[in-house]
A.B. asks: 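Let me begin by handing over the structure; questions about it come next.
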Amino acid sequence: MLRNEKEVNTDLYVAGLLNEAGIIFTAQGSEIEEIEKALKSASKKGTGKSGFPEYVCVVKDFILVIEDKASVANHIKKDDNNLISTDTDSVLNYAVNGAVHYAKHIVNNTNFKKVIAFGVSGNARHNRITPVYIDETENYIELDDVKTFISFNENNIHDYYIKEIVKENTDREKELKDLLKDAEELHNYLRDYGNLKDAEKPLVVSGILLALKEQEHNNFSIDFLTGDTVKTDGKKIYDAIKDNLTRANVSPEVKKDKILSQFSFIESTVALNEVHHRLGKTPLRFFAEFLNINIFKTIKYNTSAEDYIGRFYGEFMSYQGGDGQSLGIVLTPKHITQLFCDLANLNEEDVVLDPCCGTGAFLIAAMHNMLKIASDDNIKRSIRHKQLHGIEQRVDMFTIATTNMILRGDGKSNLINGDFFKYNPSKLQLKQATVGMINPPYSQGSRSNPECYEINFIAHLLDSLLEGGRCIAIVPQSSMAGKSKDEQSIKEEIFAKHTLEGVITLNPDTFYNVGTMPCIAVFTAHYPHPANKKCKFINFENDGYKVFPHIGLLDDGSANDKKQYLLDVWNGNAEFESRFCVETAVESTDEWLHSFYYFNDEIPSGADFDKTVGEYLSFEFDMIMQGRNYLFKENSNAKVK
């Protein structure tokens, strides 16, 4: 059957999405003989003759069957029971119905039993993509619409299947549950047996992990922890920490001494070093055994972008009502640190600076991403030793960040314990940073302390980057509004020297236990903002993450798809509706948020019109029946009787 120009455009749009996701496809048939043979009797008219969907893809042990239509009006047809219609007219004229027809035929006539049918309709700007899973009994599961095919490539399809079809937890969710369970248990042990302050708990964790690393050199063993009163367990752990810092070549000496001073309480706290009557061993040995089994032996530090110690830090703070929020400390979730790397489009030559590095989450994510694309060992060595820079004011968090980087195989030598604002931007430029990432302290700025407004951290970071450097910041939305005179003045200074690329409004639950409404702002350093520059303002509140009880923020199964669409729009590779993105010129005095620029440019459909008219007529009838027909008289001054 010849296809018209609009249908061909839809075919090309779908092919582009498949290519973007890295999915190999065959048009109008299949290279697999068994499937090709089955399709030779798959006519939509039920004649037993051949019938071919637009595309067939094989991904692992899944078959993807795709049928498309040019108009969203021909997307799906349901019967009176709200089931996908199987009559010939529906199968011929509707995308989802046609795809399901072909998928069922493949299930019935081949040995492939995991088939996902996709109905795609519309064009790059207005479209729908609906996946439907068909099982071997011809039952189907209609799944939520997607915007891309990223969830169905080789890297993601198994997790999608487990999460969305089988309805079980993915390996990642199981790992996170176990991690949070371990954090809760360890917190209780640290509280009950260690009598530790909030800030000391993550230091015990990171210190013991450093000591355990010395096991590789036969310089430390848990068996050494005997409860000796002459050379205490704390002294043995402290010595192992010192040896590991020396082995890791932490320099200068003053920096190593500062880190060691943070761990000194481990050898001096009596409660940690005495044999506990309930444990039959010292709390330190108990903690070391717990961490060795549950963390050290199971977590592959060098192959994960997760900030595990940061996770523990956050959990400890939440259990104990710690000082994190009062100090404006908001630890960044992994999916946000990864999004920063994606927005920065990191390459192996980039130099990354995080001037408020906390536990090192951004630097860990950046290192993980850069090492994955590094072309040889020399570049990998350079990334670890020269291309990751962090500044952290709090000495305890600086110590944790350093530990994090050591456990991941270096990168610690470029971390500084200090106040970001005390460093001259021109001096910081000597670090040659091409990418700045920042999650500054929140809600610390005021009229009496304007330096600490979040927008000022951004300005100082921009000044510290090389010309053309990319700056990415996650801050409260209020920072982009600039309500105070000081904040507005800083926004004007930024526009005079740097370029705003856009702002992404995030899920209100991103920092679900903090209550901050965050956004991500992206800038280019040292190019004054052009008056006619079109910035992107995106509403990404629906990011595919939601809060699950007793676990926290998790992917609901759609996060990969939604992030891919966000990146496509951000990079100019996808069309968009104004409810998702507004592209416009801006002023420094504007509120740099999607909500400020959004306008509804969607043309109502006939169904929308009928619905609105129906609602009005129902309202009018209801009012008249109540004797309130005066509301509809032309004379607005009519008296009420």
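Counting from 1, the numbers follow the sequence of the chain as shown. For clarity, every value in this text was computed on a predicted model and none was experimentally measured.
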A.B. asks: Using a 4.5 Å cut-off on heavy atoms from C-beta on, say whether the side chain of Ile494 contacts that of Leu500.
C.D. replies: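 When only atoms from C-beta onward are counted, Ile494 and Leu500 do not touch, as no gap falls below 4.5 Å.
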A.B. asks: Tell me whether the centres of the aromatic rings in His498 and His529 are closer together than 6.0 Å.
C.D. replies: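 No: the rings miss the under 6.0 Å criterion.
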A.B. asks: Between Phe540 and Trp570, does the ring centre distance come in under 6.0 Å?
C.D. replies: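 Here the rings of Trp570 and Phe540 have centres that are no less than 6.0 Å from each other.
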A.B. asks: Taking atom types as modelled, find out whether Asn378 and Arg381 have a side-chain donor-acceptor pair closer than 3.5 angstrom.
C.D. replies: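 The answer is yes; a qualifying pair exists.
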A.B. asks: Applying side chain to side chain donor-acceptor pair (under 3.5 Å), can you list everything that pairs with Lys546, at least two apart in sequence or on another chain?
C.D. replies: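 Lys546 satisfies side chain to side chain donor-acceptor pair (under 3.5 Å) with no residue once adjacent residues are dropped.
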A.B. asks: Is a salt bridge present between Lys147 and Asp568, judged by a nitrogen-to-oxygen distance below 4.0 Å?
C.D. replies: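 No, this pair does not count.
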A.B. asks: Does Tyr598 offer a backbone N or O that forms a donor-acceptor pair with the side chain of Ser578 under 3.5 Å?
C.D. replies: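 No; zero donor-acceptor contacts below 3.5 Å.
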A.B. asks: Output yes when a side-chain donor or acceptor of Asn571 lies under 3.5 Å from a complementary backbone atom of Asn573, and no otherwise.
C.D. replies: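 The answer is no, because no donor-acceptor pair under 3.5 Å joins these two groups.
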A.B. asks: Determine, step by step, whether Phe340 and Phe362 satisfy the ring pair (Phe, Tyr, Trp, His ring centres under 6.0 Å) criterion, reporting the C-alpha distance in whole Å, the side-chain angles of both residues, the deciding distance to 0.1 Å, and the verdict.
C.D. replies: CA-CA 8 Å; Phe340 268 51; Phe362 282 128; 4.5 Å; yes
A.B. asks: OH/Tyr512 to CG/Leu554 distance, rounded to the nearest 0.5 angstrom?
C.D. replies: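 Going from OH on Tyr512 over to CG on Leu554, the span is 9.0 Å.
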A.B. asks: Donor-acceptor check, side chain of Asn439 to backbone of Ala473, threshold 3.5 angstrom: yes or no?
C.D. replies: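 Answer holds: no.
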A.B. asks: Any donor-acceptor pair under 3.5 Å linking the side chain of Lys536 with the backbone of Glu501?
C.D. replies: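 Between the backbone of Glu501 and the side chain of Lys536 there is no qualifying donor-acceptor contact (under 3.5 Å).
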A.B. asks: If the threshold is 4.0 Å, N to carboxylate O, is there a salt bridge linking Lys163 and Asp555?
C.D. replies: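 No salt bridge links Lys163 with Asp555.
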A.B. asks: Do Ile383 and Leu371 have side chains that approach each other closer than 4.5 Å (heavy atoms only, starting at C-beta)?
C.D. replies: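 Contact flag for Ile383/Leu371 side chains = yes.
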A.B. asks: Mind checking ring-ring contact (aromatic ring centres under 6.0 Å, His included) for Tyr565 and listing every partner two or more places apart, or none if nothing turns up?
C.D. replies: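 Listed in chain order: Phe580.
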